[in-house]
Number of protein chains: 2
Amino acid sequence: MTQDVKEIFAGGAPPAPAALAAKVRTLAPSMTRSMQRVAEAVAGDPAGCAALTVTGLAELTGTSEATVVRTARLLGYPGYRDLRLALAGLAAQQQSGRAPAVTADIAVDDPIADVVAKLAYDEQQTLADTAAALDTAQLGAAVAAIAAARRVDIYGVGASGLVAQDLVQKLMRIGVMAHAHSDPHLAVTGAVQLRAKDVAIAITHSGSTGDVIEPLRVAFEHGATTVAVTGRPSGPVTQYADHVLTTSAARESELRPAAMSSRTSQLLVVDCLFVGVAQRTYETAAPALSASYEALAHRHSPRTGR
Amino acid sequence: MTQDVKEIFAGGAPPAPAALAAKVRTLAPSMTRSMQRVAEAVAGDPAGCAALTVTGLAELTGTSEATVVRTARLLGYPGYRDLRLALAGLAAQQQSGRAPAVTADIAVDDPIADVVAKLAYDEQQTLADTAAALDTAQLGAAVAAIAAARRVDIYGVGASGLVAQDLVQKLMRIGVMAHAHSDPHLAVTGAVQLRAKDVAIAITHSGSTGDVIEPLRVAFEHGATTVAVTGRPSGPVTQYADHVLTTSAARESELRPAAMSSRTSQLLVVDCLFVGVAQRTYETAAPALSASYEALAHRHSPRTGR
DNA sequence: CCCCAAAGGAAAATATCTTTCATAATGTGA
DNA sequence: TCACATTATGAAAGATATTTTCCTTTGGGG
């Protein structure tokens with residue numbers, strides 16, 4: 001027990017219990033081929049892998065012990081031994097629990113009802129993965145920075161641009177000066193004016209969208225606190241990010257574009273940021289919140305009561 | 001290998017999964033004092049012991065490694081390693097049995113980790129509700145109309161405006177001429193030009209947003225097929241809607257504004273529309289889809305392969 | 001009081017995990 | 001296209017953990 005406590009406090013990142021499949025999905029893109037093979041085996045058959053030794057798993061996946069250990073590390077465990085323990089736990093859980101739901105891909109001839117069910121399931125999965133993989137320390141730091149900020153600039157293009165706007169809408173409502181930029185030139189122009197105590201947030205699934213990285217770099221170099229919301233924690237964008245918030249994306253396919261689950265994931269992160277900031281600035285945020293709450297309630301349901 | 005052989009000769013008993021506590025009680029009488037201490041520790045705190053190494057457990061119980069191994073054997077495992085694995089499984093089971101407890105409302109002083117869990121849970125709930133309540137007949141009709149449309153106009157303001165834009169981004173990608181309007185005047189101007197075979201979609205959670213209803217009315221009166229995506233299927237907006245798609249919203253509160261879950265719900269509906277249309281227009285949509293899929297894949301992960 | 005047998009532990013032997021380092025594969029820029 | 005830089009990978013050395021061996025201790029009978 002003592003060890004547990006010490007480890008948690010010392011390591012900072014406690015190893016995941018059942019959020020393993022989530023981590024695999026989240027981190028798979030940033031893995032090398034060999035490591036992906038290992039991760040796949042592990043996610044596919046936790047019980048089977050738990051019975052294997054490093055050497056066994058290495059042979060099974062056609063890799064080396066070193067690669068297995070590297071994969072375990074990437075998944076957040078100190079080494080293979082601990083991954084194996086988590087695997088045993090996972091196996092026990094899913095044996096006692098229910099069978100994993102069907103996760104078939106969406107086909108061209110799926111009836112519409114199936115499409116609804118599959119999309120809903122996928123997005124739920126994405127949410128669970130994101131929540132499990134989100135680093136609350138980083139999130140807390142980002143929240144603190146935003147709450148104390150004089151001004152917040154947010155960069156995002158394409159689908160991420162909409163997420164950026166969503167965050168702006170929310171922050172504005174609680175009195176935080178936030179601006180969304182989708183035009184890279186204007187974004188850089190704005191970034192130049194940022195200083196310490198200002199915050200810049202880049203939202204990019206790929207982590208390598210130049211139009212978004214550039215303004216973040218400028219903001220970073222001007223001393224602003226920078227935050228990256230990305231699905232690739234090892235991507236270029238994190239180079240200029242003080243705090244990295246990792247979004248996860250379920251596997252994608254032709255009829256299920258990446259934009260879909262990455263958007264869901266990004267929105268959850270953004271919501272967390274918002275609620276976090278609202279908590280921190282509750283004194284000032286509360287009036288604004290209830291005001292819009294009241295306004296909406298009054299406008300939308302004048303007679304149905306609640 | 002040596003282990004296997006011995007195991008087989010020893011009795012062939014497969015290691016116990018969760019019936020560990022029972023085994024301890026059963027076998028305790030036939031144990032020596034030191035072994036009882038070990039068994040006790042193991043049964044008392046599976047999670048804690050799973051984190052310990054043989055040496056650790058030996059020290060904790062004031063015994064030696066050899067005794068720990070002997071105890072493990074007596075409990076039916078080939079060695080301590082396997083006992084430890086079973087322990088990890090047991091711990092995971094116990095933990096998963098514990099209540100989720102995330103159904104509570106978000107409080108001002110909730111730690112950030114709780115916020116994440118609660119938000120994720122809520123949004124998952126919203127998705128499930130929406131999927132369950134969605135009328136697939138209406139959805140199918142809306143999809144058919146969009147797939148056959150010459151042009152699609154989408155109205156939404158505030159948070160719903162972002163959802164409208166999201167749908168536009170997606171539809172554009174598969175070659176559907178879609179436009180989002182957040183300016184009510186321009187929306188009406190555009191609506192005037194719509195005729196039969198065109199589609200107008202209004203997105204409003206409240207179902208009573210005048211700025212969105214007005215253009216939908218105009219479109220309706222000009223003979224366009226009209227769709228309403230709303231959380232109030234009895235609200236004013238449905239008056240002018242040929243097809244109504246109902247979104248659901250989980251309960252809201254001060255720190256959890258309605259915009260959050262309604263947005264999640266709306267996005268799911270919008271995703272379903274998109275996938276439905278993509279299916280129907282697969283011949284023309286497929287090239288566009290794979291093109292953007294490829295483009296993204298190439299641009300974002302030049303080396304991670306598949 | 002001495003001897004025996006069971007219990008328990010120290011340390012050697014073995015298996016397992018981790019790290020290091022050299023090599024191969026891959027992308028990059030001229 | 002080729003040389004170069006970078007990264008990924010596996011073989012083997014090194015470190016830990018587990019198991020076994022064997023010896024010491026303890027607690028009763030003769």
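We name chains A, B, ... by the order of the sequence lines, and we start the count at 1 in each one.
Annotation: proximity of residues 54-69 of chain A to DNA chain C (heavy atom, distance under 4.0 Å) is found for A/V54, A/E65, A/A66, A/V69, numbered in ascending order. Contacts of residues 31-39 of chain B with DNA chain D (heavy atom under 4.0 Å): none.
If you take CG of A/L52 and P of C/dA15, they are 17 Å apart, rounded to a whole angstrom. Rounded to an integer number of Å, the gap from B/L74 CG to C/dG8 P is 12 Å. Taking atom CG on A/L85 and atom C1' on C/dT16, their separation rounds to 14 Å, with Å as the unit. Rounded to an integer number of Å, the gap from A/R73 CZ to C/dT20 C1' is 13 Å. Between B/R81 atom CZ and D/dT20 atom C1' there is a gap of 14 Å when expressed in whole angstrom units. Computed from coordinates, the B/D82 CG to C/dA15 C1' distance equals 13 Å when rounded to whole Å. One atom, CG of A/L87, and another, C1' of C/dC17, lie 16 Å apart when rounded to the nearest Å. The nearest whole Å value for the distance from the CZ atom in B/R84 to the C1' atom in D/dA17 is 9 Å.
No donor-acceptor pair closer than 3.5 Å links the side chain of A/R263 to the backbone N or O of A/V163. Judged purely by atom type and a 3.5 angstrom limit, B/R37 uses its side chain to pair as donor or acceptor with the backbone of B/G62. Judged by distance alone, with hydrogens and angles left aside, the side-chain atoms of A/T247 form a donor-acceptor pair with the main-chain N or O of A/G231 at under 3.5 Å. Between the side chain of A/T209 and the backbone N or O of A/D211, no donor-acceptor pair lies under 3.5 Å. Side chain of A/D242 to main chain of A/T226: a donor-acceptor pair is present (N/O by atom type, distance under 3.5 Å, no hydrogens or angles). Put simply, the side chain of B/T63 never gets that close to the backbone of B/E59: no donor and acceptor are under 3.5 Å apart.
In this structure, A/I213 and A/P236 approach most closely via the heavy-atom pair CD1-CB, 3.9 Å.
Within the 4.0 Å cut-off from OP1 or OP2 of D/dG10, not a single side-chain nitrogen or oxygen of A/R70 is found.
Judged as a side chain to side chain contact (heavy atoms under 4.5 Å, CB included), and not counting sequence neighbours, the contacts of A/Q124 are B/Q124, B/L127, B/A128.
Only one option out of B/T55, B/T53, B/L60, B/V54 pairs with B/V68 in a side chain to side chain contact (heavy atoms under 4.5 Å, CB included); it is B/V54.
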